[in-house]
Amino acid sequence: MRNIKALLPIIFLCLFLNAFKLSAQKIRKETIEYSYQRLPSAPLSKEIKNYQASIEPAFEAKNKILLEKYEADKKAAADQYEKETKDFSTQTTLAEERYLKEMEEYNKKSLGKKLLEQQLLNQNTKPVKQLPSKPYLREITPPKLQSSYDYQALSSTNLRIDGLNENPDKAIKVVVTLYGYDYTLPRQIADQKDMLSVSNSGTSTYKSNYYHTEFSYRHPMSAKVTLPDGKEILNITPSQLNIYKIYTTSESENQKQINGDLLIKSAEAKILQDNLAAINNLINDKYGYSYVKRKADLHYIKNGGNDYADLTMAFNEASSGLIMLQEDSVSGGVKLLHAIEIWNNALKESDTENKKARIDKDVTIAIYYNLLETYFALKNVTAARDALTKMNAISLSKDDRKTKNDYEILFTDLNNRLLINK
């Protein structure tokens, strides 16, 4: 009996440490970036194997008009200058002749008569050579033209339909129309801020100006897709590409000289690429079999013991499996299935009402999130729906409900694509 009493403190200590060990578990998550194959939302006929893409710059017509006007204005100015130069030569000759004749008449007068005329008229009557104004070539300011590109190279680089070949034979045709780069002139803006000054005598506030430069810009585009027989299946001008974006430089306490032309040019290059990428993604979402990048959070348990060695293994298997999917879907899939098996076995121990359970409420939720992500990567809607249904029986926080709802939306879209692509 004494031995048992002596051991009681040790037993209680072990129980306490074990309970503490379980309660001290820390759920961590790591963001894994992987690529999954997205099925088209409006798949084409299996007979269509090719596509042909091109870019039509609508603004080049305006460029042409502006250039033609510029050249016409330059020619008119040159013609006017040539005519005025000839007139100047003729008028100069006449003026010289007139001056010589007037001087001849003036020199015939006696000195007395010259002085008398000067006194009566109160001016020097000696003739003055009056030459015409020299003509000048009027300067014509070159027009501001939209940037031109190698549209064939731009198209082949930025417009592709994954799963189809770039070949004109019986191809669907993709035509993207560029309406031109539109922008406001950069302007420097001053913002007055309340600043805090700390010194030995205490703290005080003062006003300080901060300067930055900003301008608005956009590069609207439209896309049209037609089948090999000429039937139009898409004609869209994405509204988000018609909205002005605002470019803002970093703030500075000092006014800086900003190269506005360079800012405008750099923003043009970026928005051209961004908008073409948006158009390309829109078309591939409908008709392509694209590998799309996705960032996913995988959860694991961080603690000092081996209580969660199984979940650590599942995390490692799932992480490498997701990353392998695009290059080796078979091997990646095997790893994901192994992780799923481990997580489902762990859920058999789930006790969401017991905070000291190995698979308590928080761990259970984390495992379900991991399962949902792997089910999505494997396109397993049935298993995902089962997991989501089981999660409905758990009292979730506001953030967890939002995450669960996001997965529900994700699997609804996946299910629709699977049905359409049967």
Side-chain angles (χ1 to χ4, degrees), residues 55-152 154 177-190 211 213-220 244 247 255-269 272:
I55 289 177
E56 292 185 353
F59 58 82
E60 289 289 10
K62 185 178 179 181
N63 275 358
K64 184 180 178 182
I65 292 172
L66 290 174
L67 277 174
E68 288 175 350
K69 184 178 184 304
Y70 172 64
E71 294 299 331
D73 289 346
K74 277 205 310 181
K75 185 178 184 308
D79 291 345
Q80 182 182 3
Y81 177 70
E82 184 180 1
K83 179 180 180 302
E84 289 177 351
T85 300
K86 291 179 180 178
D87 292 345
F88 173 77
S89 178
T90 301
Q91 292 170 11
T92 300
T93 301
L94 293 174
E96 290 282 358
E97 292 175 352
R98 184 168 55 251
Y99 171 73
L100 291 175
K101 186 176 181 180
E102 290 175 350
M103 282 299 298
E104 184 180 354
E105 293 296 326
Y106 178 77
N107 290 330
K108 289 179 181 179
K109 296 177 182 179
S110 64
L111 179 60
K113 189 173 182 180
K114 291 176 182 176
L115 290 173
L116 179 62
E117 287 178 348
Q118 186 174 350
Q119 289 176 355
L120 290 173
L121 299 174
N122 196 27
Q123 64 182 20
N124 189 354
T125 58
K126 184 178 179 179
V128 177
K129 187 186 293 186
Q130 295 181 344
L131 295 174
S133 298
K134 190 175 182 179
Y136 67 93
L137 180 61
R138 183 162 47 93
E139 184 178 354
I140 306 300
T141 304
K144 286 191 175 183
L145 303 175
Q146 293 281 343
S147 300
S148 294
Y149 302 90
D150 182 339
Y151 298 109
Q152 184 175 353
L154 197 65
T177 302
L178 311 185
Y179 295 103
Y181 182 47
D182 185 21
Y183 58 89
T184 61
L185 293 177
R187 57 180 185 143
Q188 193 168 76
I189 297 174
Y211 302 91
T213 299
E214 69 177 42
F215 66 95
S216 302
Y217 63 103
R218 65 178 180 176
H219 205 314
Y244 281 99
Y247 182 97
Q255 296 190 46
K256 295 181 179 179
Q257 284 294 110
I258 299 294
N259 187 330
D261 290 339
L262 184 60
L263 282 182
I264 290 170
K265 198 68 179 174
S266 62
E268 177 182 11
L272 176 67

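Since we're looking at a predicted model, the values are computed, not measured.
Heavy atoms only, all atoms of each residue included: His219 and Leu178 are closest at CE1-CB, 4.2 Å. The two residues Tyr70 and Pro142 come nearest to each other via the heavy atoms CE1-CA, 3.4 Å. Closest approach of Leu66 and Lys144 over heavy atoms only: CD1-O, 4.1 Å. In plain terms, the two heavy atoms of Ala58 and Tyr179 that are nearest each other are CB-CD2, 4.0 Å. Contact detail for Leu263 and Thr213: the closest heavy-atom pair is CD1-CG2, 4.2 Å. For the pair Leu137 and Ala77, the tightest heavy-atom approach, listed with the atom from each and the gap, is CD1-O, 3.6 Å.
Note that the CD atom of Gln80 and the CG atom of Asp73 stand 11.5 Å from one another [nearest 0.5 Å]. The CD atom of Glu71 lies 9.5 Å from the CD atom of Glu68; values are rounded to the nearest 0.5 Å. Atom CG of Leu145 and atom NZ of Lys62 lie 10.0 Å apart (nearest 0.5 Å). Residue Ile65 holds its CD1 atom at 14.0 Å from CZ of Phe59, rounded to the nearest 0.5 Å. Separation of atoms CD (Glu84) and OH (Tyr136) is listed at 8.0 Å; rounding is to 0.5 Å.
The side-chain heavy atoms of Ile258 and Pro186, taken from C-beta on, include no pair separated by under 4.5 Å. Contact of the Leu272 side chain with the Tyr149 side chain is registered, since non-hydrogen atoms from C-beta on lie closer than 4.5 Å. Under the 4.5 Å side-chain criterion, counting only non-hydrogen atoms from C-beta, Thr141 is not in contact with Glu139. Annotation: side chain of Lys134 is in contact with side chain of Phe88 (closest heavy-atom distance under 4.5 Å). Between Lys126 and Met103, some side-chain heavy-atom pair lies under the 4.5 Å cut-off. Lys69 has its side chain out of reach of Pro143: every pair of non-hydrogen atoms, C-beta onward, lies at least 4.5 Å apart. The closest side-chain heavy-atom distance from Lys265 to Ser147 is below 4.5 Å. A 4.5 Å side-chain heavy-atom check between Tyr181 and Gln146 finds at least one atom pair inside the cut-off.
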(message) What verdict does the side-chain contact (heavy atoms from CB on, under 4.5 Å) test give for Ile264 and Tyr247, after you've listed the backbone C-alpha separation in whole Å, the side-chain angles of each residue and the deciding distance to 0.1 Å?
(response) CA-CA 9 Å; Ile264 290 170; Tyr247 182 97; over 6 Å; no
(request) Apply side-chain contact (heavy atoms from CB on, under 4.5 Å) to Leu185 and Arg187, showing your working. (result) CA-CA 6 Å; Leu185 293 177; Arg187 57 180 185 143; over 6 Å; no
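By the 6.0 Å contact criterion, CD on Gln130 is open, its count of non-hydrogen atoms from other residues, nucleotides or ligands being 12 or less. Shown here is Gln152, whose CD atom has no more than 12 heavy atoms of other residues, nucleotides or ligands within 6.0 Å.
Checked by atom type and distance alone, the side chain of Gln188 pairs as donor or acceptor with a backbone atom of Lys256 at under 3.5 Å. Although no hydrogens or angles enter the test, the distance criterion places a donor-acceptor pair under 3.5 Å between the side chain of Thr90 and the main chain of Lys86. Remark: side-chain polar atoms of Ser216 are not paired, donor with acceptor, to backbone N or O of Thr184 under 3.5 angstrom.
For Tyr217, the ring pair (Phe, Tyr, Trp, His ring centres under 6.0 Å) partners are Phe215, not counting sequence neighbours.
Between Asp79 and Lys75, at least one side-chain N (NZ, or NE/NH1/NH2) sits under 4.0 Å from a carboxylate O, which counts as a salt bridge.
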